[in-house]
Engineer: 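Please see the structure below; I have some questions.
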Amino acid sequence: MSRKKGRLYVISGPSGTGKGTVCAELLKDIGNEFSVSMTTREPREGEVDGREYFFVTHEIFRDNIEAGNFLEYATVFDNYYGTPKDMVLSRLERGRNVILDIDVQGGLQVKKAMPDAVLIFILPPSLAELRCRLEGRGTETPEKIERRLGQALNEIKLIGEYDYYIVNNDREEAAALAKSIIAAESARVPEAVKPIIREYENESKGN
Ligand code: 5GP
């Protein structure tokens, strides 16, 4: 069989649910590539431009919106975040799966633009556990934690738009489940089956 086109995977979930760890595990597979988003937020300590994000000014971000360069974009906690379109499309063409770590607003836009994208929602075991994880990070003020918890519930209310959900009780189990979803999706019979049939027909004619 010739190489398939890649598939687009959206990983969403409230901040503190461990999306980043799940994505990092998925990226250990060379068939999966991460889409680096553009953002107007300030880099955090240790973050590198072009690795975690492309860090840009509001002006540059708006220029990119106007040029139609985003597959989706959204405002998250007062900053713009967007997925560069060309990079995603070219990787899919090359047969790579592309992993997007984006919020729910972005996930819904992707689903509209590319209906065969697979949307995976990562849930915390409970809101109390999420609060513990956010407090444990030590990077957020109490007001910010309250805001993130309120935001978490708003995001969870949209879970019905997603294809799969994973409750992150345990990092390894959550990552293993995400890998299984990708494995199963790669074996899904596509809507356009003609190219598959044609390949075997051609082979049969050649014999
Ligand atoms: P952080 O600032 O903590 O890196 O990310 C904040 C939130 O923005 C996370 O939920 C993350 O998934 C989301 N995010 C990151 N990149 C994008 C993007 O390109 N588009 C959208 N819609 N959300 C993003």
Side-chain angles (χ1 to χ4, degrees), residues 8-27 32-58 60-65 67-89 91-92 98-114 117-124 127 130 133-141 143-159 161-162 164-166 168 174-175 178:
L8 185 56
Y9 291 92
V10 170
I11 313 279
S12 301
S15 57
T17 40
K19 270 181 301 182
T21 323
V22 170
C23 288
E25 281 301 314
L26 295 179
L27 294 169
N32 300 330
E33 290 187 16
F34 186 63
S35 160
V36 179
S37 294
M38 197 178 277
T39 184
T40 56
R41 91 148 157 72
E42 292 293 315
R44 297 191 186 116
E45 214 182 306
E47 286 184 333
V48 176
D49 188 39
R51 189 179 67 188
E52 280 80 11
Y53 288 102
F54 295 106
F55 296 98
V56 299
T57 60
H58 277 79
I60 291 181
F61 200 98
R62 278 193 292 266
D63 287 347
N64 277 280
I65 296 176
N69 290 344
F70 291 119
L71 178 60
E72 62 73 38
Y73 68 92
T75 312
V76 186
F77 304 119
D78 303 329
N79 279 301
Y80 276 125
Y81 293 80
T83 304
K85 187 160 54 184
D86 287 354
M87 268 193 251
V88 169
L89 298 183
R91 286 168 175 178
L92 293 175
V98 180
I99 312 288
L100 306 183
D101 169 350
I102 64 175
D103 84 323
V104 174
Q105 310 166 66
L108 302 186
Q109 291 177 53
V110 168
K111 188 85 188 172
K112 248 191 191 163
M114 302 183 65
V118 176
L119 273 57
I120 305 174
F121 201 104
I122 314 283
L123 282 168
L127 287 180
L130 185 61
R133 290 183 192 174
L134 290 173
E135 286 172 351
R137 276 183 180 179
T139 54
E140 312 282 349
T141 60
E143 298 79 57
K144 274 201 176 163
I145 290 179
E146 290 314 314
R147 203 171 151 206
R148 284 187 185 258
L149 286 169
Q151 180 64 18
L153 190 56
N154 286 336
E155 293 203 41
I156 291 169
K157 286 179 184 166
L158 293 168
I159 195 170
E161 305 293 329
Y162 275 62
Y164 294 95
Y165 76 101
I166 296 174
N168 192 356

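Indexing begins at 1, ligand by ligand and atom by atom, following the structure's order.
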Engineer: Got a sec: does the CZ of Phe77 have more than 12 other heavy atoms crowding it under 6.0 Å?
Structural biologist: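 For Phe77, atom CZ is crowded (more than 12 foreign heavy atoms under 6.0 Å).
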Engineer: Provide the number and element of each atom of ligand 1 under 4.0 Å from a heavy atom of Gly106.
Structural biologist: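 Under 4.0 Å from Gly106, ligand 1 has these atoms: 22 (N).
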Engineer: Out of Asp103, Leu71, Val76, Thr17, indicate the one that has the non-hydrogen atom closest to atom 7 (C) of ligand 1.
Structural biologist: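 Closest candidate by heavy-atom distance is Val76.
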Engineer: Ignoring hydrogens and angles, tell me if any N or O in the side chain of Asn168 forms a donor-acceptor pair with the backbone of Ile122 under 3.5 Å.
Structural biologist: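 A pair under 3.5 Å: no.
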Engineer: Which residue pairs satisfy the salt bridge (charged side-chain N to carboxylate O under 4.0 Å, His left out) criterion with at least one member in residues 73-86, sequence neighbours excluded?
Structural biologist: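 The answer is Asp78-Arg147.
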Engineer: Could you tell me, atom by atom, which parts of ligand 1 come under 4.0 Å of a heavy atom of Lys19?
Structural biologist: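 Matching atoms, with element in brackets: 9 (C), 10 (O), 11 (C), 12 (O).
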Engineer: How does Gln109 reach ligand 1, by side chain, by backbone, by both or by neither, if only non-hydrogen atoms under 4.0 Å count?
Structural biologist: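 None of Gln109 does.
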Engineer: Below 4.0 Å from any atom of ligand 1, is there a heavy atom belonging to Phe70?
Structural biologist: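 Under 4.0 Å: no for Phe70.
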Engineer: Counting each atom of ligand 1 from 1 as listed, which ones have a heavy atom of Thr83 under 4.0 Å away?
Structural biologist: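 Near Thr83, the atoms of ligand 1 are 19 (O).
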Engineer: Tell me whether ligand 1 is touched by Arg44 - counting only heavy atoms on the residue side and a distance under 4.0 Å.
Structural biologist: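 Judged by the 4.0 Å heavy-atom criterion, Arg44 does count as contacting ligand 1.
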Engineer: Under the 3.5 angstrom rule, does the side chain of Thr17 hit a backbone N or O of Leu123 as a donor-acceptor pair?
Structural biologist: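 Not at all, since once roles are kept as given, no pair shorter than 3.5 Å links the two residues.
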Engineer: Any idea which atoms of ligand 1 are less than 4.0 Å away from a heavy-atom of Ala74?
Structural biologist: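 Reading through ligand 1 atom by atom, the close ones are 22 (N).
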Engineer: Quick one: does Thr39's side chain have a donor or acceptor within less than 3.5 Å of a partner on Tyr80's backbone?
Structural biologist: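 It does hold such a pair.
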Engineer: Under 30°, 30 to 60°, or over 60°: which ring-plane class applies to Phe61 and Tyr73, parallel, tilted or perpendicular?
Structural biologist: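 Taking Tyr73 first and then Phe61, their aromatic rings stand perpendicular (interplane angle over 60°).
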Engineer: In the protein, which heavy atom is nearest to atom 16 (N) of ligand 1, and how far is it?
Structural biologist: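 Here the closest protein heavy atom is Ser37 OG, 3.2 Å.
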Engineer: Indicate yes or no for a side-chain donor-acceptor contact from Glu47 to the backbone of Arg44 under 3.5 Å, with no hydrogens or angles considered.
Structural biologist: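 Indeed, once roles are kept as given, a pair shorter than 3.5 Å links the two residues.
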Engineer: Heavy-atom contacts under 4.0 Å between Arg41 and ligand 1: side chain, backbone, both, or neither?
Structural biologist: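 Side chain only.
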Engineer: Counting only heavy atoms closer than 4.0 Å, does ligand 1 sit against the backbone of Glu72, its side chain, both, or neither?
Structural biologist: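 Side chain only.
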Engineer: Any donor-acceptor pair under 3.5 Å linking the side chain of Glu72 with the backbone of Gly107?
Structural biologist: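 No, Glu72 side chain to Gly107 backbone: no donor-acceptor pair under 3.5 Å.
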Engineer: Nearest protein heavy-atom contact for atom 5 (O) of ligand 1: which residue, which atom, what distance?
Structural biologist: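 Here the nearest protein heavy atom works out to Tyr53 OH, 3.3 Å.
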Engineer: Please compare Tyr73, Phe54, Tyr81, Phe77 and report which has the shortest non-hydrogen distance to atom 2 (O) of ligand 1.
Structural biologist: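 Answer by nearest heavy atom: Tyr81.
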Engineer: What I want to know is whether Gly82 and ligand 1 share at least one N or O pair that is separated by under 3.5 angstrom.
Structural biologist: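 In this structure, Gly82 places an N or O atom under 3.5 Å from an N or O of ligand 1.
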Engineer: Could you tell me whether Glu161 and Lys111 make a salt bridge, using a distance below 4.0 angstrom between a side-chain N and a carboxylate O?
Structural biologist: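 No.
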Engineer: So, for Ile99 and Phe34, which heavy atoms are closest and what is the spacing to 0.1 Å?
Structural biologist: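 Scanning both residues, the minimum pair turns out to be O-CD1, 3.6 Å.
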Engineer: Considering only protein heavy atoms, which is closest to atom 12 (O) of ligand 1, and at what distance to one decimal place?
Structural biologist: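 Ranking protein heavy atoms by distance from atom 12 (O) of ligand 1, first comes Asp101 OD1, 2.7 Å.
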